K.L.:
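Quick one: the structure is below, questions incoming.
For the numbers below, each heavy atom of this structure counts, side chains included, while hydrogens, waters and symmetry mates do not. What you see is a predicted model, and the numbers here were worked out from it, not measured in a lab.
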Amino acid sequence: MNRMVGFFYMPLLLCITSCLEFGQDLELTGSDITDKEFQDVKARTGIDFPKGTKSIGYYFMGSGIDDALSIRVSIPEGTKDEFLKNEIFQNGNKSKASIQIGRSRSWWKLDELQDRIDGSSQLPKGRYAECTLGKEEGNWVAYISWMPT
């Protein structure tokens, strides 16, 4: 009986897993991060970036069943208040960020932030975003994670 069950389920399992489409993981740093990645982050998280925002690191995990991303950016001096007008800070949860998709990346240094401000929010379609803004070497830096829940 056990062989019969295995005989039936093994081809079914192979068929299902081979039909799933997985994307590619993508890691970019500095100037390799283009407006395309910023637009993708905005579309997924709803976060608007002030003009002059500079990218530091971007990591998109597309090879798993669920996509996820993280990005680290430098916010221009004088635009902190504009950045804090994003919905995630205005109406989101203010608890310390816990989902850190980028934590295994060399450019992810969230624990080094000072004067940090955290925001997170549940998004439509079972998605979740977190953003932490803080001072790093005298500059405002934001860390953003997005994932399905």
K.L.:
Grab the two heavy atoms, one from Trp146 and one from Asp67, that are nearest each other, plus how far apart they are.
P.N.:
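That closest heavy-atom pairing would be CZ3-O, 3.6 Å.
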K.L.:
Measure the OH-CG distance between Tyr59 and Leu26 for me, rounded to the nearest 0.5 Å.
P.N.:
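Atom-to-atom, Tyr59:OH and Leu26:CG are 9.5 Å apart.
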K.L.:
Look at atom CD of Gln114 and say whether more than 12 heavy atoms of other residues, nucleotides or ligands are closer to it than 6.0 Å.
P.N.:
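12 or below, so no.
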K.L.:
Can a donor-acceptor pair be found, under 3.5 Å and without considering hydrogens, that links the side chain of Asp115 to the backbone of Lys135?
P.N.:
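No; zero donor-acceptor contacts below 3.5 Å.
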K.L.:
Quick check against the 3.5 Å criterion: does Asp25 have a side-chain atom that pairs as donor or acceptor with the backbone of Gly62?
P.N.:
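The answer is yes, because a donor-acceptor pair under 3.5 Å joins these two groups.
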K.L.:
So do Ile144 and Ile47 actually touch side chain to side chain, heavy atoms under 4.5 Å?
P.N.:
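Yes; the side chains approach each other to less than 4.5 Å.
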K.L.:
Is the shortest side-chain heavy-atom distance between Val73 and Val141 below 4.5 Å?
P.N.:
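They are not in side-chain contact.
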K.L.:
Flag the pair Glu27 and Arg105 as a salt bridge only when some basic side-chain nitrogen lies within less than 4.0 angstrom of an acidic carboxylate oxygen.
P.N.:
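A salt bridge is present here (some side-chain N lies under 4.0 Å from a carboxylate O).
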K.L.:
Above 12 or not: heavy atoms from other molecules or residues under 6.0 Å from NZ of Lys94?
P.N.:
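Yes, because the 6.0 Å sphere around NZ of Lys94 holds more than 12 heavy atoms from other groups.
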K.L.:
Between the side chains of Thr79 and Glu82, does any donor sit under 3.5 Å from an acceptor?
P.N.:
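No - no donor-acceptor pair under 3.5 Å links their side chains.
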K.L.:
Counting N and O atoms only, with roles assigned by atom type, does the side chain of Glu130 sit under 3.5 Å from a partner on the main chain of Ser98, one being a donor and the other an acceptor?
P.N.:
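Indeed, once roles are kept as given, a pair shorter than 3.5 Å links the two residues.
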K.L.:
Kindly say whether Trp107 contributes a backbone atom to a donor-acceptor pair with the side chain of Arg72 at under 3.5 angstrom?
P.N.:
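Flag set: sc Arg72 to bb Trp107 pair under 3.5 Å.
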K.L.:
Atom OG of Ser121 and atom CG of Asn93: how far apart are they, to the nearest 0.5 Å?
P.N.:
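Ser121 atom OG to Asn93 atom CG measures 9.0 Å (nearest 0.5 Å).
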K.L.:
Has the side chain of Glu112 got a donor or acceptor atom that lies under 3.5 Å from a matching backbone atom of Lys109?
P.N.:
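Checking the backbone N and O of Lys109 against the side chain of Glu112, no donor-acceptor pair under 3.5 Å is found.
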K.L.:
Report yes or no: do Leu110 and Tyr128 belong to one cluster of Ile/Leu/Val/Met/Phe/Trp/Tyr joined by side chain heavy-atom distances under 4.5 Å?
P.N.:
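Same hydrophobic cluster.
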K.L.:
Honestly curious: do Leu113 and Ile88 fall in one hydrophobic cluster under the side-chain, below-4.5 Å linking rule?
P.N.:
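Different hydrophobic clusters.
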K.L.:
Nearest 0.5 Å, what's the CG-SG distance between Asp118 and Cys131?
P.N.:
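So the gap between those two atoms works out to 8.5 Å.
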K.L.:
Can you name the nearest heavy-atom pair linking Ala97 to Arg116, along with the distance?
P.N.:
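Distance-wise, the nearest heavy atoms are N-NH2, 3.7 Å.
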K.L.:
Taking all non-hydrogen atoms of both residues into account, name the closest pair between Lys51 and Pro76 and its distance.
P.N.:
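Here Lys51 and Pro76 meet closest at O-CG, 3.4 Å.
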K.L.:
State whether Asp81 and Lys85 are salt-bridged, where the test is any N-O pair (Lys NZ or Arg NE/NH1/NH2 against Asp/Glu carboxylate O) under 4.0 Å.
P.N.:
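Here Asp81 does not pair with Lys85 in a salt bridge, since their nearest N and O are not under 4.0 Å apart.
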K.L.:
Using a distance-only test with no angle check, is there a side-chain donor-acceptor pair under 3.5 angstrom linking Tyr143 and Ser70?
P.N.:
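Judged by distance alone, the side chains do not pair up.
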K.L.:
Check the hydrophobic clustering (I, L, V, M, F, W, Y; side-chain heavy atoms under 4.5 Å; chains of links allowed) and say if Leu69 and Leu123 are grouped together.
P.N.:
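Linked, Leu69 and Leu123 end up in one cluster.
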K.L.:
Going from OG on Ser145 to CD1 on Ile101, what distance comes out if it is rounded to the nearest 0.5 angstrom?
P.N.:
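Those atoms lie 5.0 Å apart.
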K.L.:
Restricting to side-chain contact (heavy atoms from CB on, under 4.5 Å), what partner residues turn up for Ile117, sequence neighbours left out?
P.N.:
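Scan of Ile117 (side-chain contact (heavy atoms from CB on, under 4.5 Å), adjacent residues dropped) gives Lys80, Leu84, Phe89.
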K.L.:
With side chain to side chain donor-acceptor pair (under 3.5 Å) as the criterion, how do Asp40 and Tyr58 come out once you've worked through the C-alpha distance, each side chain's angles and the decisive distance to 0.1 Å?
P.N.:
CA-CA 11 Å; Asp40 184 43; Tyr58 172 87; 3.2 Å; yes
K.L.:
Any chance you could measure Thr45, atom OG1, to Ile71, atom CD1, to the nearest 0.5 Å?
P.N.:
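The CD1 atom of Ile71 is 9.0 Å from OG1 of Thr45, to the nearest 0.5 Å.
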K.L.:
Taking all non-hydrogen atoms of both residues into account, name the closest pair between Ile56 and Ile33 and its distance.
P.N.:
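Smallest interatomic distance, heavy atoms only, reads C-CD1, 4.1 Å.
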K.L.:
What is the distance from atom CZ of Phe49 to atom CZ of Phe83, rounded to the nearest 0.5 Å?
P.N.:
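So the gap between those two atoms works out to 5.5 Å.
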K.L.:
Flag this pair as yes if the NZ/CZ of Arg103 is under 6.0 angstrom from the six-membered ring centre of Trp108 and inside a 45 degree cone about the axis; otherwise no.
P.N.:
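The answer is no, since Arg103 fails at least one limit relative to Trp108.
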